[in-house]
Every structure is written in C-alpha cells, then in structure tokens.
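Everything on this sheet refers to the single structure shown next.
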Amino acid sequence: QVQLVESGGGLVQAGGSLRLSCAASGSISSFNAMGWYRQAAGKQRELVAAITSGGSTNYADSVKGRFTISRDNAKNTVYLQMNSLKPEDTAVYYCNAARITWGTTRNYWGQGTRVTVSS
C-alpha cells in the first residue's frame, strides 16, 4: 500500500510563495520518478513538475522559472517550491509517484492539496 500525503496548500496573494510537501509511506528512492500535477476547475489535469530518481527534472512551460521541485530522501518527501504565484496557478495539486517494472509504469496518487491565488 503506497500512501502519498500532500500538505502546504492554502490561500496566497498574487506574487506570493508556497511550498508544497508530499510525504511518502516508503522510500522515495524506490520510485523512478515523482511529480506534481494540478487540476483547475473545469480543466484537464496537467503535469507541473517531475523529478527522476537520478535527479533529472521536467517542468511545464507555464511554471518554468517560478517553480522548483526537489526531494529529501531521508524524509521520504518531495517538495514543490512555488514563487511568483499567479491567479492562474489556482488548482488542486496532486502528488504522483511512478515505478517502472518490466516496461510497465504504475502510478500512485495523493488526495491533493488546494492552492488558491488571489488577485
């Protein structure tokens, strides 16, 4: 049973910052990649940022230069530092963990944490 628990969401004014945390029930080193997705009201879920076990990162164009994904293996936690927040960043943010076995990817999801950016 893989459990992912997000925290750190809340209400922030435009231009402000938040740091989201995703605590995993086991070693995050056992996952090939971990990432953050978000889903705004009435929109499709989209990838925000991802980090592989080797440290490679990937960001959505809309957040490049503003968001940073990182991890703390000792705490089994992945973070998303969000700076210069904009109202369009408002969404529920979900933590994702992916493990590739025999060429098949298995995904695990947290329950999400809501981020609201006011203007």
Next on the checklist: By the side chain to side chain donor-acceptor pair (under 3.5 Å) test, which pairs, at least two apart or in different chains, include something from residues 92-109?
Outcome noted: Ser30-Arg99, Arg38-Tyr93, Asn96-Asn107

Working to the nearest 0.5 Å, report the span between [atom1] of [X] and [atom2] of [Y].
{"X": "Thr68", "Y": "Met82", "atom1": "OG1", "atom2": "CE", "value": "11.5 Å"}
{"X": "Thr116", "Y": "Leu85", "atom1": "OG1", "atom2": "CG", "value": "11.0 Å"}
{"X": "Cys22", "Y": "Tyr79", "atom1": "SG", "atom2": "OH", "value": "10.5 Å"}
{"X": "Ile51", "Y": "Ser70", "atom1": "CD1", "atom2": "OG", "value": "7.0 Å"}

Checklist entry - Do Val12 and Leu80 belong together in a cluster built from hydrophobic side chains that touch within less than 4.5 Å? => result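 Yes.
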
Item to check | Joint hydrophobic cluster, Ile69 plus Leu4, side-chain heavy atoms closer than 4.5 Å | outcome: yes

Checklist entry - So Arg71 and Asn76, side-chain contact (heavy atoms from CB on, under 4.5 Å) or not? Walk me through it. => result CA-CA 8 Å; Arg71 63 174 183 254; Asn76 293 320; over 6 Å; no

Checklist entry - Counting heavy atoms not belonging to Glu88, are there more than 12 under 6.0 Å from its CD? => result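 More than 12 heavy atoms, drawn from other residues, nucleotides or ligands, come within 6.0 Å of this atom.
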
Checklist entry - Should the heavy atoms of other residues, nucleotides or ligands under 6.0 Å from CD of Gln3 be counted, would the total exceed 12? => result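 No.
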
What's the shortest heavy-atom distance between [X] and [Y], and which atoms?
{"X": "Ser119", "Y": "Ala14", "value": "CA-CB, 4.5 Å"}
{"X": "Tyr59", "Y": "Ala49", "value": "CD2-CB, 3.5 Å"}
{"X": "Thr77", "Y": "Ser21", "value": "CG2-CB, 4.2 Å"}

Checklist entry - Checking side-chain contact (heavy atoms from CB on, under 4.5 Å) for the pair Trp36/Leu47: CA distance, chi angles, key distance, verdict? => result CA-CA 6 Å; Trp36 291 92; Leu47 174 69; over 6 Å; no

Checklist entry - Is there a side-chain contact (heavy atoms from CB on, under 4.5 Å) between Asn73 and Ile28 once you walk through the steps? => result CA-CA 6 Å; Asn73 290 341; Ile28 61 173; 3.1 Å; yes

Next on the checklist: Are Leu11 and Ser118 packed together at the side-chain level, in the sense that at least one heavy-atom pair is separated by less than 4.5 angstrom?
Outcome noted: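 Yes, close enough: below the 4.5 Å cut-off.
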
Between the side chain of [X] and the main-chain N/O of [Y], is any donor-acceptor distance below 3.5 Å?
{"X": "Ser62", "Y": "Ala60", "value": "no"}
{"X": "Thr90", "Y": "Val117", "value": "yes"}
{"X": "Glu6", "Y": "Gln111", "value": "yes"}
{"X": "Arg66", "Y": "Ser84", "value": "yes"}

Checklist entry - Is there a donor in the side chain of Asn32 and an acceptor in the side chain of Ser53, or the other way round, less than 3.5 Å apart? => result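 No, Ser53 and Asn32 have no side-chain donor paired with an acceptor closer than 3.5 Å.
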
Checklist entry - When you look at Val48 and Phe67, which way does the side-chain contact (heavy atoms from CB on, under 4.5 Å) test go after all the steps? => result CA-CA 9 Å; Val48 177; Phe67 291 10; 3.6 Å; yes

Next on the checklist: Pair Asp61, Lys64 - check salt bridge (charged side-chain N to carboxylate O under 4.0 Å, His left out), show working.
Outcome noted: CA-CA 5 Å; Asp61 288 342; Lys64 286 181 179 178; 3.1 Å; yes

